[in-house]
Amino acid sequence: MGIKINELVKDVRKTISFENLLNKKISIDAFNSIYQFLAIIRQRDGTSLMDLEGNVTSHLSGLFYRNIKFLEYNIKPIYVFDGKPPELKLNTINERRKIKAAAKEKMIEAQESEDFKEARKFAQLTSKLDSNMIEESKLLLKHMGIPVVDAPSEGEAQSAYLVNRGDAWASASQDYDTLLFGSERFLRNFSVNRSKKVRDTTISLDIEYISLSKFLDNLGITREQLIDMGILIGTDFFPGIKGIGQHKAFDLIKKHESLENMLKNNVQVSGKQLNIDIELVNRVKEIFLRPKINPDYPKITWRKVDYDKLEELLVEKHNFSKNRVVSAIKKLRDLDSDKKQISLDSFFK
DNA sequence: CGCGATCA
DNA sequence: TGATCGCGG
């Protein structure tokens with residue numbers, strides 16, 4: 001789920017539009033994006049889209065259409081896939097598994113009583129991503145000519161590395177953890193969701209942009225202090241301290257400067273002494289400050305779309321409607337041949 | 001989510 | 001042309 005700092009970023013969070021990202025390389029947290037598709041792309045009763053063999057295809061649909069949109073705007077997506085999670089994440093992973101199992105029971109209950117709205121609500125929480133789905137997602141991206149980077153561990157860490165190295169302009173995820181990993185530029189809600197007309201030009205809204213350095217300056221803290229706050233608030237690697245939310249964590253770090261000081265000074269939190277094993281604190285900090293990343297990933301390039309393989313994968317293998325796929329692919333073909341690409345000119349003429 | 005059919 | 005809505009797999 002990531003760290004809750006939504007209140008703290010309010011001052012520096014900017015709403016940007018799609019045209020701000022024209023020609024930009026964006027490193028996308030693949031798991032995060034795919035999970036979102038799996039949660040949202042469903043029937044009214046909550047069932048996923050599936051091919052004739054019963055394989056879930058919601059994520060393929062989401063990836064296919066959204067990336068066409070990106071390419072139309074000459075936005076250059078890079079998908080970064082998670083590797084092996086850090087050991088400290090295993091508790092969180094187990095918790096999520098339990099939540100999914102519980103949601104599945106409630107979903108079945110709701111289905112049996114034909115309450116489709118409830119069924120859908122719980123179904124959204126049950127989304128699972130197996131290795132076959134991951135491989136097929138990578139294959140789809142490959143056929144679309146979109147680069148994929150395999151992270152050795154956390155994708156967000158690798159994504160932050162790509163940004164800071166200059167291989168991507170920003171990293172996109174729904175989780176603010178990306179900021180703790182040090183990504184200087186960060187996007188949330190990275191999709192073309194809404195649009196409005198302003199003086200003859202259509203602009204899309206609702207993408208959230210945060211500059212890490214502006215965020216830290218605004219709060220007057222360092223990234224290390226932000227990570228200390230994260231440990232108090234709770235991240236995927238440590239559950240946090242009961243009674244401490246984002247505001248209290250901020251006050252504490254301003255007052256004591258570091259989590260280590262808080263522990264040394266026997267700080268009291270809601271009547272109880274703050275107590276975390278310092279070894280554990282250091283291990284969590286290590287994950288954010290010196291994450292496992294691969295500095296030698298292959299050169300990032302956007303290749304030509306393989307129209308035939310794309311059609312084969314979606315239509316023949318996964319029973320997508322041929323008409324729909326062909327007309328979507330046509331957009332890509334047009335991009336290839338024409339100046340059909342949406343350019344800055346078409347926004348500000 | 002994003003598409004495309006439909007209707008004002 | 002823009003907004004709404006049901007469906008896709």
Side-chain angles (χ1 to χ4, degrees), chain A residues 17-19 21 26 28-73 75 77 79 111 116-117 119-130 132-137 139-141 143-144 146 172-175 187-208 305 309-335 340 342 346-347 349:
Chain A
S17 24
F18 224 59
E19 73 266 27
L21 301 172
I26 310 293
I28 298 167
D29 180 348
F31 272 34
N32 189 271
S33 160
I34 291 171
Y35 267 116
Q36 266 200 308
F37 290 136
L38 290 174
I40 291 157
I41 303 178
R42 287 171 182 269
Q43 316 261 75
R44 239 200 310 262
D45 67 352
T47 24
S48 301
L49 302 188
M50 282 178 285
D51 63 21
L52 294 177
E53 285 174 33
N55 303 304
V56 172
T57 54
S58 297
H59 57 305
L60 298 178
S61 176
L63 281 172
F64 178 58
Y65 291 111
R66 185 177 289 179
N67 280 312
I68 287 176
K69 213 75 192 185
F70 288 159
L71 297 176
E72 270 187 289
Y73 284 82
I75 289 172
Y79 282 81
Q111 277 170 345
F116 295 126
K117 210 175 157 197
R120 191 180 203 283
K121 194 179 94 188
F122 288 113
Q124 289 197 342
L125 301 172
T126 66
S127 308
K128 282 202 174 127
L129 185 49
D130 64 33
N132 190 47
M133 292 159 83
I134 295 167
E135 287 318 307
E136 293 243 295
S137 299
L139 195 62
L140 175 74
L141 293 167
H143 294 339
M144 295 185 84
I146 294 168
S173 175
Q174 290 307 101
D175 289 353
L187 302 177
R188 283 184 84 237
N189 307 332
F190 180 40
S191 63
V192 223
N193 33 20
R194 283 201 278 142
S195 66
K196 71 169 183 186
K197 270 296 232 190
V198 177
R199 284 184 309 169
D200 273 345
T201 49
T202 306
I203 60 168
S204 38
L205 302 169
D206 275 342
I207 300 169
E208 191 177 306
V305 181
K309 289 213 172 120
L310 199 46
E311 193 176 322
E312 187 190 315
L313 178 68
L314 294 176
V315 179
E316 274 153 59
K317 182 123 191 259
H318 291 298
N319 313 111
F320 278 55
S321 135
K322 181 159 182 164
N323 278 345
R324 282 174 179 242
V325 170
V326 166
S327 72
I329 285 180
K330 191 180 175 302
K331 290 187 193 167
L332 294 174
R333 286 188 196 274
D334 290 347
L335 289 181
K340 274 224 171 176
I342 295 162
S346 66
F347 286 109
K349 53 181 165 207

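Letters A, B, ... are given to chains in the order of the sequence lines, protein chains preceding strands, and every chain is numbered from 1.
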Please list, in numerical order, the residues of residues 38-46 of chain A that have a heavy atom closer than 4.0 Å to any atom of DNA chain B. Ile40(A), Ile41(A)

Strictly below 4.0 Å, heavy-atom distances to any atom of DNA chain B: list the hits from residues 119-126 of chain A, or just say none. none

Rounded to whole Å, CG of Asp206(A) lies from C1' of dC1(B) at a distance of 14 Å

Sorted by chain and residue number, the salt bridge (charged side-chain N to carboxylate O under 4.0 Å, His left out) partners of Lys331(A) (sequence neighbours excluded) come out as none

Hey, does Lys317(A) reach any base, or is it just sugar-phosphate, or nothing, if we go heavy atoms under 4.0 Å? nothing

With Leu129(A), which residues qualify under side-chain contact (heavy atoms from CB on, under 4.5 Å), at least two apart? Phe31(A), Ile34(A), Tyr35(A), Leu38(A), Met133(A), Ile134(A)

Could you pull out all residues at least two apart from Lys128(A) that satisfy side-chain contact (heavy atoms from CB on, under 4.5 Å)? Lys100(A)

Using atom CZ of Phe116(A) as one end and atom P of dC7(C) as the other, report the distance to the nearest whole Å. 13 Å

Partner residues of Lys121(A) under the side-chain hydrogen bond (donor to acceptor under 3.5 Å, both in side chains) criterion, sequence neighbours left out: Glu118(A)

Please tabulate, one pair per line, all N/O donor-acceptor pairs under 3.5 Å involving side-chain atoms of residues 312-320 of chain A, not counting sequence neighbours.
| residue | atom | partner | partner atom | Å |
| --- | --- | --- | --- | --- |
| Lys317(A) | NZ | Glu136(A) | OE2 | 2.9 |
| His318(A) | ND1 | Asp51(A) | OD2 | 2.7 |
| His318(A) | NE2 | Glu136(A) | OE1 | 2.2 |
| Asn319(A) | OD1 | Leu52(A) | N | 2.8 |

The side-chain hydrogen bond (donor to acceptor under 3.5 Å, both in side chains) partners of Ser61(A) (sequence neighbours excluded) come to none

Strand contacts (DNA chain B) in residues 57-67 of chain A, 4.0 angstrom heavy-atom criterion: Tyr65(A), Arg66(A)

Separation of dG2(B) atom C1' from Asn189(A) atom CG, nearest Å, is 16 Å

Considering only heavy side-chain atoms of Lys331(A), the closest of dC1(B), dG9(C), dC3(B) is dC3(B)

Can you check whether Leu310(A) reaches Leu332(A) side chain to side chain, under 4.5 Å on heavy atoms? yes

Side chains of Ser173(A) and Asp175(A): any donor to acceptor distance under 3.5 Å? no

Ile207(A) CD1 to dC1(B) P, in whole Å, measures 13 Å

Between Lys69(A) and dC3(B), is there a contact of a side-chain N or O with OP1 or OP2 at under 4.0 Å? yes

Who passes side-chain hydrogen bond (donor to acceptor under 3.5 Å, both in side chains) against Arg120(A), sequence neighbours left out? none

Spacing of Asn32(A) atom CG relative to dC1(B) atom C1', expressed in whole Å: 14 Å

Not counting sequence neighbours, which residues clear side-chain contact (heavy atoms from CB on, under 4.5 Å) with Ser321(A)? List them please. Asn323(A), Arg324(A)

Of all residues at least two apart in sequence or in a different chain, which pass the side-chain contact (heavy atoms from CB on, under 4.5 Å) check with Phe70(A)? Phe18(A), Ile28(A), Arg66(A), Asn67(A), Ile75(A), Pro77(A), Tyr79(A), Phe190(A)

If I take atom CG in residue Leu49(A) and atom P in nucleotide dC3(B), what distance separates them, rounded to the nearest angstrom? 14 Å

Whole-Å distance, Glu53(A) CD to dG9(C) C1', equals 13 Å

Nucleotide dG2(B), atom P - distance to CD of Glu72(A) in whole Å: 12 Å

